[in-house]
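Notes follow once the structure below has been shown.
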There are 4 protein chains.
Amino acid sequence: MDGREKILASGLELFPAKGFHGTSLRDIVRLAGVSKGGFYHHFESKEELFAAVVERTLFAGNEQPAAEESPSARSAEKQIEELFFAPLRRARSYYAMVFDGQKGSEIVRKRISEIFHHHIETCSKLLRQGQEQGEVRDSIDCDLWSLQIVSTLEGCFLLHSVSPLENPEESLRRMFDNIWRVIRKVDI
Amino acid sequence: MDGREKILASGLELFPAKGFHGTSLRDIVRLAGVSKGGFYHHFESKEELFAAVVERTLFAGNEQPAAEESPSARSAEKQIEELFFAPLRRARSYYAMVFDGQKGSEIVRKRISEIFHHHIETCSKLLRQGQEQGEVRDSIDCDLWSLQIVSTLEGCFLLHSVSPLENPEESLRRMFDNIWRVIRKVDI
Amino acid sequence: MDGREKILASGLELFPAKGFHGTSLRDIVRLAGVSKGGFYHHFESKEELFAAVVERTLFAGNEQPAAEESPSARSAEKQIEELFFAPLRRARSYYAMVFDGQKGSEIVRKRISEIFHHHIETCSKLLRQGQEQGEVRDSIDCDLWSLQIVSTLEGCFLLHSVSPLENPEESLRRMFDNIWRVIRKVDI
Amino acid sequence: MDGREKILASGLELFPAKGFHGTSLRDIVRLAGVSKGGFYHHFESKEELFAAVVERTLFAGNEQPAAEESPSARSAEKQIEELFFAPLRRARSYYAMVFDGQKGSEIVRKRISEIFHHHIETCSKLLRQGQEQGEVRDSIDCDLWSLQIVSTLEGCFLLHSVSPLENPEESLRRMFDNIWRVIRKVDI
DNA sequence: CATGAATGAGCCTTCATTCAT
DNA sequence: AATGAATGAAGGCTCATTCAT
């Protein structure tokens, strides 16, 4: 493993664990066993290393499905599943890396966690109310659908925040409709 | 508007725009028109202000639906919609605030944006392939459902990263099933 | 107990425990249960309070012997003993208060402690060597006299540092002679 | 003289003159002619430099006697004298450095000085009273022995305050006895 | 008498980056 | 290619003190 690779490995370990700002160059070069000069020999800046680490984290191991151009024999479902299930473990690393605001701040992390839970529980309760009032199908698992609704919305907000969607409100509304078409008691 | 309120207003403006680490106390107190000492008279730390700003951003204006205990006359759908659509605008602020890693780093921001787009497009392409092969309903909007799939997964990862779900893989798989039950050509 | 007295009591508690610089006005007024304004109503500055606390610590309870002018019936030994033994307990408070340099600095405190011990042990060892070589009386307790020698010297340095003696080297040498006249094997 | 040495030299000059808290890093690096970053390249903290300076002040030049293991030809008296007289000049630096409480506070310094003098004078007066009443040998120099008594006690308090003695009262009493055995008129 | 919000200079420390060797 | 001493701006935060109320 040469210098560049050792530095990348350090980044892969430190950024997810401590975030961008929580990781100093000193940490990186110490773990990698290179000098500061050595670091700048391989990377232009700390940021460049971070970008490289994000890249590896999100992509490592699933470039193949994307590259596939010809209609595949495998089902779309299978392929999509593969495309997204593989990153599950990497995903936490990724968010940990990028969600820098909460690092080192138990106060903030806890508060955000509480807020998310509050959303999920409120939604779940409303779904159960809907069941009681004959608006929502009795057969659905309110906790699961609550998670699904909140996940969808949070995910959409997230995507929109990183790179603006053209018409986020419209998109959200249509995704919302998709969900309600399934869980509403009287199908249209 | 007294000192504390002016500081909060500054935080509400600066954190979403420049992230936690990108916003210095100097920026905050200058904008608020108070002294550094004044800041620490009202808040214990920069972090405490950040937590307060996160709170306001995510909660301001929609505590009411949660508080409602008695079965409401309004439909669950309507209420859930209200619960989550109101925060749409605030949400971007929120993610911008918390997604600190990308602040001040155009390289990284762009790369993450590219990666998300790549996911969405790959998924969309696979859905179209599925339509061609008779696996996926012809009537669905592949772009919308691709966005919905990616949003759901990203949102779930996000929730899991902030506060671990009990069985994230199982939950993800069941949400995935929910989706495929709708878009698969042959209903079960 | 009025305001001034409550503040003094706080100082008496905090300065010995945390030193001058380790004790903030905030600590003082909080413990005393007065406002900052209240503090400055009773004392001109933090320093003035410190001086008042030093005063009380070193003098409380033994002004009497000093005031006594007429030849007393009690023996000088008894009186000197009373003069200096009473402050034993206060003394630690006093030094703790004034030895500010080591507060909050375990490194420094430990090092100084080591150095003192090293002095005492070295001296003790030399005395024992002296006994073996017939220079020092066999009957003396080397550990005790080592402590006595070091105490005398440290104390002299200390006095000299706070307010310069006229001829410290001469004084030290004569005190040293006083000691050796007692412990040397062959009395002159 | 390299960076580290220049910084140490600055510490050796500034800490004794202005105390730990009275000396700012700015002072140190300015005098040493290095940058703040440079300082932290050589020392972990201001405290570490302080510890290093204490070390040099108290030990420079007299490690040798301590190292000597084999019975020496020189007399114990000579060696002890060397061990402790050398530090006389350094001692003032040392106490000045560590007695931070009085720095910048003429009020306090003066008061402490007064108190010490008061002790010495009171003791001297009592000794003279003892001479008049036939309790104390006429031949002793009351001023010198007063200084010796106060030095011994202050030194003992000091040692005890920095690192507690096992039985300070007992030790004090025995040292006191040692002194009185010499100065009391009627030997027992 | 008493309050406590406000001050702002100053504190120690960290940081990514540079460059002579 | 590699080193690591040096940089110095900027960081968050504390402090004794003041003063309008």
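Residue numbering restarts at 1 for every chain, and letters A, B, ... go by the order of the sequence lines.
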Looking at side-chain heavy atoms only, is the closest gap between [X] and [Y] below 4.5 Å?
{"X": "B:V53", "Y": "B:T57", "answer": "yes"}
{"X": "B:E13", "Y": "B:S10", "answer": "no"}
{"X": "D:R111", "Y": "D:E114", "answer": "yes"}
{"X": "B:R26", "Y": "B:R30", "answer": "yes"}
{"X": "A:F15", "Y": "A:K46", "answer": "yes"}

Rounded to whole angstrom units, what separation is found between the [atom1] atom of [X] and the [atom2] atom of [N]?
{"X": "B:D2", "N": "F:dT21", "atom1": "CG", "atom2": "P", "value": "15 Å"}
{"X": "A:E47", "N": "E:dT17", "atom1": "CD", "atom2": "C1'", "value": "13 Å"}
{"X": "B:F43", "N": "F:dT14", "atom1": "CZ", "atom2": "P", "value": "15 Å"}
{"X": "D:L49", "N": "E:dT13", "atom1": "CG", "atom2": "C1'", "value": "15 Å"}
{"X": "D:R30", "N": "E:dC12", "atom1": "CZ", "atom2": "P", "value": "13 Å"}
{"X": "C:I7", "N": "F:dT17", "atom1": "CD1", "atom2": "P", "value": "13 Å"}
{"X": "A:E44", "N": "E:dT18", "atom1": "CD", "atom2": "C1'", "value": "14 Å"}
{"X": "D:K18", "N": "E:dG10", "atom1": "NZ", "atom2": "C1'", "value": "13 Å"}

For the base of F:dT17, is there a side-chain donor-acceptor partner from C:K36 under 3.5 Å away?
->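 Present.
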Paired nucleotide for E:dC12 [Watson-Crick or G-U wobble; both distances under 3.5 Å] =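 E:dC12 is paired with F:dG11.
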Counter-base of F:dT18, judged by Watson-Crick or G-U geometry with both distances under 3.5 Å =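 F:dT18 is paired with E:dA5.
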Below 4.0 Å: OP1/OP2 of [N] and any side-chain N or O of [X]:
{"X": "A:H21", "N": "F:dG11", "value": "no"}
{"X": "D:Y40", "N": "E:dT13", "value": "yes"}
{"X": "A:H41", "N": "F:dA1", "value": "yes"}

Please tell me which of the listed nucleotides, E:dC12, E:dT17, F:dT7, lies nearest to the side chain of D:S35?
->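 Given the options E:dC12, E:dT17, F:dT7, the side chain of D:S35 is closest to F:dT7.
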If you pin C:V34 and D:D27 to their nearest nucleotides in DNA chain E, which one's is more 5'?
->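 In this pair, the answer is C:V34.
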D:G37 or C:K46, whichever maps to the more 5' nucleotide of DNA chain F =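 It is D:G37, whose closest nucleotide lies nearer the 5' terminus.
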Using the closest heavy atom to pick a nucleotide of DNA chain F for each, name whichever of D:F39 or B:S24 lands nearer the 5' end.
->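 Taking each residue's closest nucleotide, the earlier one in sequence belongs to D:F39.
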